[in-house]
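Structure, as structure tokens:
Residue numbers begin at 1 in each chain, while the letters A, B, ... track the order of the sequences.
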Amino acid sequence: MSHINENIQLEFIISHAKAYGFIFPSSEIYNGLSAVYDYGQYGVLLKNNIKNFWWKSMVQLRKDIIGIDSAIMMDTNIWKASGHINAFNDLMIENLNTKSKHKIDILIEEYIENKIQKEINNAKIILGNSFNEEYFIKNNTNIIALNLKKKKIFEQMFKLLKSNNIAEIKSLLIELEIINNNWGNIQKCNLMFKTKLGYTDDKQIDIYLRPETAQGIFSNFSNVQKTGRMKIPFGIAQIGKAFRNEIIARQFIFRMKEFEQMEMQFFIAPHEDKKWFSYWKNIRLKWYLSLGLDKYYFKFKNHTKLAHYANAATDIEYKFPFGFKELEGIHSRTDFDLRNHQKFSKKKLQYYDPYKKCCYIPYVIETSAGLDRIFLSIFSYSLKKELLPNGNSRIVLKLPPTIAPIKAAIFPLVNKDGLPEIAINIFNKLKLYYNIIYEEKESIGKRYRRQDAIGTPFCITVDYESLSDNNVTIRFRDSMLSKRVSIKNLKKFLENHINMKILLKKIINIYNKN
RNA sequence: GCGGGAAUAGCUUAAUUGGUAUAGCGUCAGCCUUCCAAGCUGAAGAUCGCGGGUUCGAAUCCCGUUUCCCGCUCCA
């Protein structure tokens with residue numbers, strides 16, 4: 001057996017996902033909604049299995065992590081505290097030469113950063129080995145002045161924004177030589193989806209659909225810590241939908257406007273962030289590999305430009321058909337979120353540490369995975385075109401058996417002579433434990449191939465010998481070989497091959513070794 | 001957002017450069033079938049992405065638009 005093409009194209013993945021009921025474009029009968037997709041009958045099963053595996057790994061197996069499910073709608077102040085709403089976040093401007101669009105606040109940050117970096121580079125050359133960067137940044141008068149200047153610029157901009165003087169902001173940027181006349185007008189855009197709360201017009205207030213699930217965890221920190229009697233270090237996990245008005249959505253379900261995150265915020269003592277950051281980096285990569293995926297398809301990518309909340313960040317990337325792209329982010333968020341929520345809500349979000357005998361705002365290490373992206377990675381990894389010894393080819397979805405949507409299919413070899421009755425009997429017994437299907441239509445070969453295409457790891461066939469010896473044939477999806485097993489041992493056979501506890505045991509091993 | 005390409009049945013696709021649409025696979029019903037998309041009979045399924053224009057006549061030409069793919073770009 002050989003692979004016809006190692007690099008399966010995205011278009012083929014999309015058409016297979018549609019043809020076999022995994023993923024459909026949203027609102028397709030109305031021409032489709034851009035960057036929104038629906039999960040079909042097999043897609044939802046696969047997705048739920050991935051979710052389930054994550055939840056059991058992160059919550060069920062760990063006494064130091066508990067799970068919650070917070071609401072999608074939250075008080076707007078949460079997004080002020082988190083930094084998602086700030087006055088300049090939504091302002092964009094286009095460089096007419098390069099046709100690229102830029103966020104105003106980032107342009108200013110970069111402008112100041114570049115100047116600071118120049119000072120640092122100069123000092124390095126002059127001072128040589130005796131140069132201490134941390135000390136220099138804190139005490140150099142030029143750098144202090146630059147930081148002051150930045151503060152002033154933002155203050156000025158804020159004033160202009162308040163008086164709705166957006167055109168003046170552009171003049172200010174030109175004056176500072178951040179941009180020149182070859183830039184377009186400043187435009188407002190919304191990266192968060194807005195909706196209205198209140199059912200009469202006069203009582204309506206704007207709220208946002210959450211752009212990340214994390215804030216539901218931070219805002220519940222105190223409740224969960226106290227009622228769960230959790231001691232630091234501990235984590236809060238959550239799976240849920242998030243919404244972003246992506247400027248450009250591309251690559252199938254990789255970047256969607258409505259997507260699902262699986263994330264865990266791990267609360268730790270201040271300055272233990274380095275240790276826990278590398279711990280979770282390590283654990284999370286091994287979680288992917290435990291599914292049996294080749295490590296050649298994964299890599300870490302360290303962020304050089306950090307988000308406003310992080311002091312260290314790494315992505316776990318997967319080699320998609322369109323290149324290495326982020327699956328999961330591991331971020332060291334410091335106490336940024338809790339500190340800001342304490343400030344905005346005026347509620348204490350501190351933790352009394354009984355061992356250290358002091359109060360502090362915990363630091364946070366975040367692991368934030370994109371469920372749809374993991375789905376796509378596993379789906380594209382598993383989809384193969386194979387050339388068979390007889391010259392034919394087959395399309396087979398070699399999913400890890402434990403997360404396959406259908407675990408086994410039961411067939412009578414022929415549709416007569418009492419064979420269907422035995423097969424239905426087996427089906428009725430096994431369906432209590434696993435998601436399986438019964439099928440009697442078409443030839444046996446066609447039924448095997450249909451199961452190959454949706455990733456069913458085992459097909460169980462009742463034949464004439466079964467009538468006398470009570471054995472059936474189990475046909476393996478990946479090797480296409482078969483094996484005789486007695487009917488009464490089927491449940492045990494499946495348990496040994498497709499029960500999720502096989503994976504969970506691996507995860508326990510990983511936890512014990514780290 | 002820019003540039004390039006595409007859109008015909010569930011999937012893959014044909015239509016001699018203007019004459020209301022082809023097939024394979026799949027699906028459904030029946031027959032037949034002793035292990036890898038077998039065979040026979042029959043059936044359903046396409047206002048050719050959508051809107052407009054040119055024309056006696058448009059899947060085909062023109063304009064607009066939507067969606068998708070590729071490359072840039074962007075991405076707390």
Side-chain angles (χ1 to χ4, degrees), chain A residues 9-21 24-37 40 79 82-86 89 92 94-103 105-106 109 184 187 189 191-192 211-212 214-215 244-252 254-255 303 305-310 313 315 321-323 325-326 329 331 333 336-337 368 386 388-390 392-396 411-417 419 440-453 459-467 472-477 479-482 484:
Chain A
Q9 291 301 304
L10 187 57
E11 292 203 67
F12 177 68
I13 291 167
I14 294 169
S15 87
H16 190 84
K18 187 183 173 194
Y20 288 93
F24 308 120
S26 165
S27 320
E28 199 189 12
I29 59 170
Y30 293 100
N31 281 333
L33 192 58
S34 174
V36 186
Y37 289 89
W79 306 114
S82 70
H84 285 82
I85 301 177
N86 80 49
N89 223 324
M92 291 195 99
E94 186 180 359
N95 181 332
L96 298 176
N97 287 337
T98 63
K99 307 257 176 183
S100 56
K101 287 199 166 186
H102 301 264
K103 285 184 188 164
D105 56 337
I106 288 178
E109 293 276 358
Q187 288 182 313
C189 36
L191 294 169
M192 287 197 285
E212 63 172 28
Q215 299 308 324
R244 285 183 204 175
N245 223 339
E246 295 288 351
I247 302 165
I248 304 160
R250 244 341 141 59
Q251 276 123 4
F252 196 34
F254 180 81
R255 180 170 284 117
H303 288 208
K305 244 171 80 184
L306 293 170
H308 62 266
Y309 54 71
D315 290 342
F322 42 87
K325 297 276 177 179
E326 178 187 1
H331 298 152
R333 295 182 80 125
F336 176 89
D337 300 276
S368 176
E386 280 184 350
L388 302 177
N390 67 8
N392 291 335
S393 65
R394 69 163 180 165
I395 291 163
V396 53
F411 309 141
L413 183 59
V414 292
N415 198 15
K416 59 180 182 184
D417 298 333
L419 268 46
E440 59 185 26
K441 288 276 168 196
E442 308 290 347
S443 72
I444 192 74
K446 196 176 275 192
R447 282 177 267 166
Y448 284 156
R449 292 300 161 76
R450 195 183 286 142
Q451 296 308 314
D452 285 344
C459 292
I460 296 166
T461 304
V462 174
D463 57 24
Y464 281 102
E465 285 170 52
S466 309
L467 292 170
V472 290
T473 302
I474 292 186
R475 179 265 193 185
F476 294 76
R477 175 194 68 197
S479 64
M480 296 172 72
L481 300 173
S482 52
R484 297 291 286 180

Report the nucleotide, chosen from [options], that has the shortest atom-to-atom distance to any side-chain atom of [X].
| X | options | value |
| --- | --- | --- |
| A:Asn415 | B:G26, B:U33, B:C35 | B:U33 |
| A:Asn31 | B:U66, B:G10, B:A29 | B:U66 |
| A:Met480 | B:A38, B:C36, B:U33 | B:C36 |
| A:Leu10 | B:A76, B:C69, B:G26 | B:C69 |
| A:Lys18 | B:C69, B:C11, B:C35 | B:C11 |
| A:Ile14 | B:C35, B:A37, B:C69 | B:C69 |

Pick the [atom1] atom in [N] and in [M], then give their distance to the nearest Å.
| N | M | atom1 | answer |
| --- | --- | --- | --- |
| B:A9 | B:U47 | C1' | 13 Å |
| B:A7 | B:C36 | C1' | 35 Å |
| B:G57 | B:A14 | C1' | 22 Å |
| B:U17 | B:A58 | C1' | 13 Å |
| B:G18 | B:C70 | P | 33 Å |
| B:U13 | B:U67 | P | 22 Å |
| B:C11 | B:G45 | C1' | 13 Å |
| B:G26 | B:U55 | C1' | 39 Å |

Has the side chain of A:Arg244 got a donor or acceptor atom that lies under 3.5 Å from a matching backbone atom of A:Leu191?
-> no
Side-chain (A:Asp417) to main-chain (A:Leu419) donor-acceptor, under 3.5 angstrom | no
[X] side-chain N/O to [N] phosphate OP1/OP2 under 4.0 Å:
| X | N | value |
| --- | --- | --- |
| A:Lys441 | B:C28 | no |
| A:Arg450 | B:U27 | yes |
| A:Asn392 | B:C36 | no |
| A:Lys416 | B:U33 | yes |

Which part of the nucleic acid, if any, lies within reach of [X] when heavy atoms closer than 4.0 Å are counted: base, sugar-phosphate only, or nothing?
| X | result |
| --- | --- |
| A:Ser34 | sugar-phosphate |
| A:Glu465 | nothing |
| A:Tyr20 | base |
| A:Ala214 | nothing |
| A:Phe254 | nothing |

Checking base pairs now: Watson-Crick or wobble, both atom distances under 3.5 Å. What partners [N]?
| N | value |
| --- | --- |
| B:A37 | none |
| B:G3 | B:C70 |
| B:C48 | none |
| B:A43 | B:U27 |

Let me know, please, whether A:Ser443 or A:Glu212 comes out on the 5' side of the other along RNA chain B by nearest nucleotide.
-> A:Ser443
Upstream residue (5' side of RNA chain B) when A:Ala19 and A:Thr461 are each assigned their closest nucleotide | A:Ala19
Side-chain heavy atoms of A:Leu388 within contact of A:Met480, under 4.5 Å = yes
Are A:Pro211 and A:His84 side-chain neighbours, meaning at least one heavy-atom pair lies under 4.5 Å?
-> yes
Taking [atom1] from [X] and [atom2] from [N], how many angstroms apart are they, rounded to a whole number?
| X | N | atom1 | atom2 | value |
| --- | --- | --- | --- | --- |
| A:Gln251 | B:U73 | CD | C1' | 12 Å |
| A:Ile395 | B:C36 | CD1 | C1' | 15 Å |
| A:Glu442 | B:C25 | CD | P | 12 Å |
| A:Ile13 | B:C68 | CD1 | C1' | 15 Å |
| A:Asp417 | B:C32 | CG | P | 11 Å |
| A:Glu11 | B:U67 | CD | C1' | 13 Å |
| A:Phe322 | B:C75 | CZ | C1' | 14 Å |
| A:Glu28 | B:U66 | CD | C1' | 13 Å |

After noting the C-alpha distance and the side-chain angles of A:Arg475 and A:Thr461, does the key distance pass the side-chain contact (heavy atoms from CB on, under 4.5 Å) rule?
-> CA-CA 8 Å; A:Arg475 179 265 193 185; A:Thr461 304; 5.5 Å; no
Determine whether a donor-acceptor pair (one donor, one acceptor, N or O, separation below 3.5 Å) exists between the side chain of [X] and the base of [N].
| X | N | value |
| --- | --- | --- |
| A:Ser15 | B:C11 | no |
| A:Arg447 | B:C35 | no |
| A:Tyr448 | B:C35 | yes |
| A:Asp463 | B:C35 | yes |
| A:Arg255 | B:C75 | yes |

Could you check whether the rings of A:Phe411 and A:Tyr448 sit parallel, tilted or perpendicular, using 30° and 60° as the cut-offs?
-> tilted
Take A:Ser15 and A:Gln9 through the side-chain contact (heavy atoms from CB on, under 4.5 Å) test and state the conclusion after the steps.
-> CA-CA 10 Å; A:Ser15 87; A:Gln9 291 301 304; over 6 Å; no
Salt bridge flag under 4.0 Å for residues A:Glu386 and A:Arg394 = yes
Pair A:Glu28 + A:Lys18: basic N to acidic O under 4.0 Å | yes
